[in-house]
J.: 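Next up is a structure, given as structure tokens.
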Amino acid sequence: MVTLEEFDSRHEAIMLQQLQDRMEQDFIQGLAEQAALKAHPVVHYVKDLPVESSLYPAIEYLKLANATGDSVSDIFDQVQEGKTCFRDLSGDPVFYRPEYHKYMVWEMPAHDLERPKRCGCGFIRSRSGGIVYCMCPDHPQHFCKGKRNHCWDLGCPDCMNDTALDHGVSVEIQMMKYKTLLEKQSQYCGDIGHWVVSPPQEMAKSMMQSFEEFDSLYRYVCDSLQLYGGHAGVTIFHPWRQ
């Protein structure tokens, strides 16, 4: 037979244990969420960059503006009104034929703010509402990370960090395989490093509007790398500059 005092002490112990379990669970949930939200400093930098448009717009308009002496905004307005023939500073005709161009669209990474909603990106939630996580069984604080749904698109603000890390790992594996295969053939490929190739600004700007011109720019960069001793690599294109 259980006395009233024993029942109260057992009930209190159960309540205290439940409270302790909830506090521990909340602590682990916090660790998991912090780890999942942790991002590379470059990701934070890119997310905070102001972007006026996802298009790479004024290239053709800039050419016309330089040729005619008008402002880019005036040229843009005239093109929107359907004008296709302009006069340069010498009075010669300059034709604008938009139907001949398949314009490229450059999207800044992590700036498609609606994508997480469209694709369901974000934390995977349990029935109780908490996030589903994985952790090291021997030491929860050693590795504890919330699981997330990913669209694996660099334009997604929720997925860009993990996607960039995944791509980086793939590039490193590819480079190391190439180096290992050469070494097995007693060949030395040189140091693996990060090279920055900056084509002339005006040339690059004029060649980033259509697919055909971009292909030419890409071949120019690859040829330049080979000319200066590059044997193999992965080209990562940066269409923005500050």
J.: What ring-ring contact (aromatic ring centres under 6.0 Å, His included) pairs are there with at least one residue in residues 149-181, not counting sequence neighbours?
T.: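 Qualifying pairs, neighbours excluded: H150-W152.
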J.: Could you go through the side-chain contact (heavy atoms from CB on, under 4.5 Å) check for D153 and D112 one step at a time?
T.: CA-CA 10 Å; D153 190 284; D112 187 354; 5.9 Å; no
J.: Before giving the answer on side-chain contact (heavy atoms from CB on, under 4.5 Å), spell out for H194 and V196 the whole-Å C-alpha distance, their side-chain angles and the decisive distance to 0.1 Å.
T.: CA-CA 7 Å; H194 180 192; V196 178; 4.1 Å; yes
J.: Taking all atoms of both residues into account, what is the closest heavy-atom pair of C151 and C159, and its distance?
T.: N-SG, 3.5 Å
J.: Run the salt-bridge test on R87 and D92 with the 4.0 Å N-O cut-off and return the result as yes or no.
T.: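 No.
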J.: Supply the atom-to-atom distance D158 CG to K117 NZ, rounded to the nearest 0.5 angstrom.
T.: 10.5 Å
J.: Could you state whether V43 and Y45 fall into the same hydrophobic cluster, counting links through intermediate Ile, Leu, Val, Met, Phe, Trp or Tyr residues with side-chain heavy atoms under 4.5 angstrom apart?
T.: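 V43 and Y45: one cluster.
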J.: Return yes when atom NZ of K147 has more than 12 non-hydrogen atoms of other residues, nucleotides or ligands closer than 6.0 Å, and no otherwise.
T.: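 Check fails, neighbour count at 12 or below.
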J.: Is any side-chain heavy atom of Q78 closer than 4.5 Å to one of L64?
T.: no
J.: Using side-chain heavy atoms (C-beta onward) and a distance below 4.5 Å, is L181 in contact with K179?
T.: no
J.: Taking only residues two or more places apart in sequence or in another chain, which ones pass side-chain contact (heavy atoms from CB on, under 4.5 Å) with T235?
T.: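 For T235, the residues satisfying side-chain contact (heavy atoms from CB on, under 4.5 Å) (neighbours in sequence not counted) are Y218, C222.
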J.: Consider only side-chain heavy atoms of I, L, V, M, F, W and Y, link residues closer than 4.5 Å, and tell whether Y228 and V197 are in one cluster.
T.: yes
J.: Main chain of H40, side chain of N161: is a donor-acceptor contact present, judged purely on distance under 3.5 Å?
T.: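 Yes.
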J.: Are more than 12 heavy atoms, taken from residues, nucleotides or ligands other than E172, located less than 6.0 Å from that residue's CD atom?
T.: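 No, the 6.0 Å shell around CD holds no more than 12 heavy atoms from other groups.
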J.: Are L113 and V46 grouped together when hydrophobic residues (ILVMFWY) are joined by side-chain heavy atoms under 4.5 angstrom apart?
T.: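 No.
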J.: Please report the interatomic distance SG(C119) to CD(E114), rounded to the nearest 0.5 Å.
T.: 11.0 Å
J.: Return the minimal non-hydrogen interatomic distance between P199 and Y220, and the atom names on each side.
T.: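 Scanning both residues completely, I find the closest heavy atoms to be CB-CE2, 4.1 Å.
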J.: As a quick check of understanding, evaluate ring-ring contact (aromatic ring centres under 6.0 Å, His included) for F86 and F95, giving each step before the final call.
T.: CA-CA 6 Å; F86 299 82; F95 294 98; 9.5 Å; no
J.: Do F237 and V234 share a hydrophobic cluster (ILVMFWY, side-chain heavy atoms under 4.5 Å, transitive)?
T.: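 No.
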J.: Looking only at heavy atoms, which two atoms of P157 and A110 are closest? And how far apart?
T.: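 P157 and A110 have their closest heavy atoms at CB-O, 3.5 Å.
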J.: For G120 and N149, which heavy atoms make the closest approach, and how far apart are they?
T.: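 Heavy atoms of G120 and N149 come nearest at O-CB, 3.4 Å.
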J.: Measuring from atom CE of M160 to atom CZ of R115, what distance do you get when rounded to the nearest 0.5 angstrom?
T.: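 It comes to 14.0 Å.
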J.: From T163 OG1 over to L154 CG, what is the distance, rounded to the nearest 0.5 angstrom?
T.: 5.5 Å
J.: For residues L225 and W195, determine if any side-chain heavy atom of one lies less than 4.5 Å from a side-chain heavy atom of the other.
T.: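 When only atoms from C-beta onward are counted, W195 and L225 do touch, with a gap below 4.5 Å.
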J.: Take T68 and L89 through the side-chain contact (heavy atoms from CB on, under 4.5 Å) test and state the conclusion after the steps.
T.: CA-CA 5 Å; T68 62; L89 297 175; 5.8 Å; no
